Chemist: 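After the structure tokens below, expect a handful of questions from me.
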Amino acid sequence: MTDENIIISKGLEGIYIADTTLCKIDGANGKLWYRGYPIEVLADKSSYEEVAFLLLYGHLPKKEELKVFTQRLISERDVPDSIADIIRNFTGRTHPNDILRTCVSAISAFDTDMADRSSDANMDRAIKLTAKMPTIVAMIGRYRQGKPFINPSRTLSHSSNFLYMLTGVEPDKESAKLIDLMFILHAEHGSNASTFSTLVTGSTLADVYAAVVAGISTLRGPLHGGADEAALNMMRAIGEPDNTETYIEDALAGKQRIMGFGHRVYKAYDPRAKIVYNYLKSFMQKTTDPKIEKLLEIAIRAEKLMEEKLSKTKGIWPNIDFFSGPLYTAMGIPSELFTPVFACSRVVGWTAHLFEYWENNRLFRPLDHYTGQLDIKYVPIEQR
Ligand code: SDX
């Protein structure tokens with residue numbers, strides 16, 4: 001390959017890395033399917049437990065399968081005592097997402113047989129992490145609020161149990177539906193940066209924990225899973241709805257990125273953002289919290305302005321991270337937990353892609369194009 005015909009794809013834009021049956025994204029038309037099911041149908045009719053089973057096992061569960069899977073998740077919700085010690089030692093100095101990745105690393109120390117790399121053992125690890133990560137994130141949230149940890153429920157659904165362990169209150173029907181919707185919408189999204197990171201780690205035949213820690217770490221950045229926290233911080237910085245247009249216009253004039261907008265694949269409205277927005281609007285009709293109402297008004301005015309300024313001209317539309325913040329806030333989830341909550345949901349997508357890739361594994365080892373000098377004469381330090 002001579003230098004002339006080397007093509008560098010920055011950020012691997014447009015490069016396919018594998019075949020998959022997990023997720024299809026139609027970026028031009030803003031459509032999304034998990035294992036062939038439209039995201040709108042799963043959002044309305046399914047549950048996170050059912051979607052997790054669908055992604056991990058490849059089909060919607062029968063009643064008995066779902067019952068067994070749900071029981072497995074419930075039975076694995078507890079975490080070792082040492083996790084509480086890590087949370088106590090790290091909180092206050094470290095972002096919750098970074099504490100989460102540390103705790104997931106620690107969980108691997110309790111694995112009974114790390115040498116067992118069978119599919120059953122790996123699926124077991126995926127189920128354990130899916131069950132335990134919400135407990136860890138809720139514990140981090142409780143500790144940051146100076147409140148005692150709450151033991152996992154044995155009866156609440158996966159996502160409701162998370163909200164219960166964080167707030168101490170069993171969510172009402174509306175909140176239970178909303179948090180489960182958010183878990184479903186964040187569960188999987190093709191070869192996004194954190195999933196790709198999981199695959200790169202797994203492609204060396206490192207273990208499930210190492211691959212998930214890579215995913216959690218990668219998710220942290222504001223260009224990816226950190227955008228929901230950054231978008232809410234922007235709405236808070238805007239403060240009053242009437243400041244919205246000036247703030248956005250100044251930011252764009254200063255070549256700043258508006259968090260929660262734009263996407264490498266979607267050049268249309270992110271279908272997940274549409275779903276969140278619609279549920280948020282109906283939720284807002286029932287709440288009278290002026291703080292939340294203000295956030296939503298700012299979000300709606302920002303979306304309208306961005307649509308005029310960038311969406312139609314540059315294909316920069318709201319993504320899932322834009323409306324998530326006001327909705328999570330309305331449910332009592334603090335903004336520093338948004339990305340860890342995203343990780344709690346996406347762990348199923350990460351591990352499902354990992355297991356699919358391991359069926360036909362190949363080490364990821366791209367090339368880079370050397371543009372420096374060669375065979376430079378080494379000059380001893382005395383003569384430099
Ligand atoms: C997620 O990949 C996935 O699937 C991710 C995800 C998932 O479920 O896993 O969907 C979750 O990460 C959603 C994205 C969350 N990130 C943000 O909201 C951060 C803000 N958005 C961007 O920084 C940006 O849109 C990216 C990073 C998401 C995508 O950027 P690209 O494809 O690398 O595009 P780019 O950075 O090359 O931008 C192209 C142009 C640039 O302008 P020019 O230099 O050509 O003049 O569009 C502009 C950018 O400045 N642009 C924006 C913008 N996003 C892109 N301008 C203002 N605000 C923005 N948000």
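Order of appearance sets the numbers: ligands from 1, and atoms from 1 within every ligand. Since this is a predicted model, take the numbers as computed values, not measurements. Note that these values count all heavy atoms, side chains included, but never hydrogens, waters or copies made by symmetry.
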Chemist: Taking 4.0 angstrom as the limit, do K132 and D78 come out as a salt bridge?
Modeler: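 No.
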
Chemist: Regarding ligand 1, does K267 bring an N or O atom to under 3.5 Å of one of the ligand's N or O atoms?
Modeler: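 So ligand 1 has no N or O lying under 3.5 Å from an N or O of K267.
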
Chemist: Applying a strict under-4.5 Å side-chain criterion to I, L, V, M, F, W and Y, I'd like to know whether L66 and F183 cluster together.
Modeler: no

Chemist: Give the ring-plane orientation class for F364 versus F196, where under 30° counts as parallel, over 60° as perpendicular and anything between as tilted.
Modeler: perpendicular

Chemist: Can R125 and D207 be counted as an ion pair, charged N to O under 4.0 angstrom?
Modeler: no

Chemist: For atom 8 (O) of ligand 1, which of K10, H186, R272 has the closest heavy atom?
Modeler: R272

Chemist: Can you pull out the closest protein heavy atom to atom 29 (C) of ligand 1? Residue, atom name and distance to 0.1 Å, please.
Modeler: R264 N, 3.8 Å

Chemist: Between D180 and S159, is there a side-chain donor-acceptor contact under 3.5 Å, judged purely by atom types and distance?
Modeler: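 Yes, because at least one side-chain N or O of S159 sits under 3.5 Å from a partner of the opposite role on D180.
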
Chemist: Does a donor on one side chain sit under 3.5 Å from an acceptor on the other, for S119 and N122?
Modeler: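 Their side chains do not contain a donor-acceptor pair, so the 3.5 Å distance test is not met.
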
Chemist: For ligand 1 and A227, I'd like to know whether there is a polar contact (N/O to N/O, distance under 3.5 Å).
Modeler: no

Chemist: When you compare the side chains of N319 and Y266, does any donor N or O come within less than 3.5 Å of an acceptor on the partner?
Modeler: no

Chemist: Could a heavy atom of G11 be found less than 4.0 Å from some atom of ligand 1?
Modeler: no

Chemist: In terms of residue, atom name and distance, what is the protein heavy atom nearest to atom 2 (O) of ligand 1?
Modeler: N192 CB, 3.4 Å

Chemist: With T195, which residues qualify under side-chain hydrogen bond (donor to acceptor under 3.5 Å, both in side chains), at least two apart?
Modeler: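 With neighbours one apart ignored, the set is N192.
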
Chemist: Looking at D124 and K128, is any side-chain nitrogen of the basic one under 4.0 Å from a carboxylate oxygen of the acidic one?
Modeler: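 Salt bridge: yes.
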
Chemist: Quick test: of every protein heavy atom, which one is nearest to atom 15 (C) of ligand 1, and how far off is it to 0.1 Å?
Modeler: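 Nearest neighbour among protein heavy atoms for atom 15 (C) of ligand 1, to 0.1 Å: D321 OD2, 3.2 Å.
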
Chemist: Quick one: pull up CZ in R154 and CD in Q71 and give me the separation to the nearest 0.5 Å.
Modeler: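 Spacing of CZ (R154) from CD (Q71) equals 9.5 Å.
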
Chemist: Whether the T21 and R35 side chains hold a donor-acceptor pair (N or O, under 3.5 Å, no angle test) is what I'd like checked.
Modeler: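 T21 vs R35: donor-acceptor pair found between side chains.
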
Chemist: Are any non-hydrogen protein atoms located under 4.0 Å from atom 39 (C) of ligand 1?
Modeler: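 No, no protein heavy atom sits under 4.0 Å from atom 39 (C) of ligand 1.
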
Chemist: So for ligand 1, is L223 a polar contact partner (N or O within less than 3.5 Å, distance only)?
Modeler: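 Yes, at least one N or O pair falls under 3.5 Å.
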
Chemist: Quick check on contacts: which atoms of ligand 1 are under 4.0 angstrom from a heavy atom of G260?
Modeler: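 Answer for ligand 1: 17 (C), 18 (O).
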
Chemist: Is the shortest N/O to N/O distance between F342 and ligand 1 below 3.5 Å?
Modeler: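 No.
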
Chemist: So which heavy atom in the protein is nearest atom 23 (O) of ligand 1, and how far is it from that ligand atom?
Modeler: R257 NH1, 2.8 Å

Chemist: Do any nitrogen or oxygen atoms of D270 come within less than 3.5 Å of a nitrogen or oxygen of ligand 1?
Modeler: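 The answer is no, given that D270 and ligand 1 share no N or O pair closer than 3.5 Å.
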
Chemist: What is the closest protein heavy atom to atom 21 (N) of ligand 1, and at what distance does it sit?
Modeler: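 Nearest protein contact, heavy atoms only, for atom 21 (N) of ligand 1 is F261 O, 2.8 Å.
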
Chemist: Taking only non-hydrogen atoms of K255, do any sit less than 4.0 angstrom from ligand 1?
Modeler: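 The answer is yes: ligand 1 sits under 4.0 Å from a heavy atom of K255.
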
Chemist: Under a 3.5 Å cutoff, is there a donor and acceptor pairing between the side chains of Y279 and E174?
Modeler: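 Note: Y279 and E174 side chains miss the donor-acceptor criterion.
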
Chemist: Out of all atoms in ligand 1, which are within 4.0 Å of some heavy atom of K314? Include the element for each.
Modeler: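 Every atom of ligand 1 under 4.0 Å from some heavy atom of K314: 42 (O), 43 (P), 45 (O), 46 (O).
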
Chemist: Show which atoms of ligand 1 fall inside a sub-4.0 Å distance from at least one heavy-atom site of M259.
Modeler: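 Selected atoms, number and element: 18 (O), 19 (C).
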
Chemist: Which atoms of ligand 1 are found less than 4.0 Å from any heavy atom of R346?
Modeler: 7 (C), 8 (O), 9 (O)

Chemist: Strictly below 4.0 Å, N to O, side chains only: are E188 and R346 in salt-bridge contact?
Modeler: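 No, E188 and R346 are not salt-bridged.
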
Chemist: Tell me the protein heavy atom at minimum distance from atom 52 (C) of ligand 1, and give that distance in Å.
Modeler: I316 CD1, 3.6 Å

Chemist: Is it true that the side chains of E356 and T20 contain a donor and an acceptor less than 3.5 Å apart?
Modeler: yes

Chemist: Hey, which atoms in ligand 1 end up nearer than 4.0 Å to a heavy atom of Q256?
Modeler: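 In order of numbering, the contacting atoms are 57 (C).
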
Chemist: Any protein heavy-atom neighbour for atom 34 (O) of ligand 1 (distance below 4.0 angstrom)?
Modeler: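 Protein heavy atoms within 4.0 Å of atom 34 (O) of ligand 1 - there are none.
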
Chemist: Among protein heavy atoms, which sits nearest to atom 58 (N) of ligand 1, and what does the distance come to when rounded to 0.1 Å?
Modeler: I258 N, 2.9 Å

Chemist: Can you check whether L252 has an N/O within less than 3.5 Å of an N/O in ligand 1?
Modeler: no

Chemist: Protein heavy atoms near atom 4 (O) of ligand 1, is at least one of them under 4.0 angstrom away?
Modeler: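 Yes.
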
Chemist: Tell me which protein heavy atom sits closest to atom 28 (C) of ligand 1, plus the residue, atom name and distance to 0.1 Å.
Modeler: G262 O, 3.7 Å

Chemist: Cut-off 3.5 Å, side chains only: do S194 and H224 have a donor facing an acceptor?
Modeler: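 Yes, because at least one side-chain N or O of S194 sits under 3.5 Å from a partner of the opposite role on H224.
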
Chemist: Out of all atoms in ligand 1, which are within 4.0 Å of some heavy atom of P222? Include the element for each.
Modeler: 16 (N), 17 (C), 19 (C)

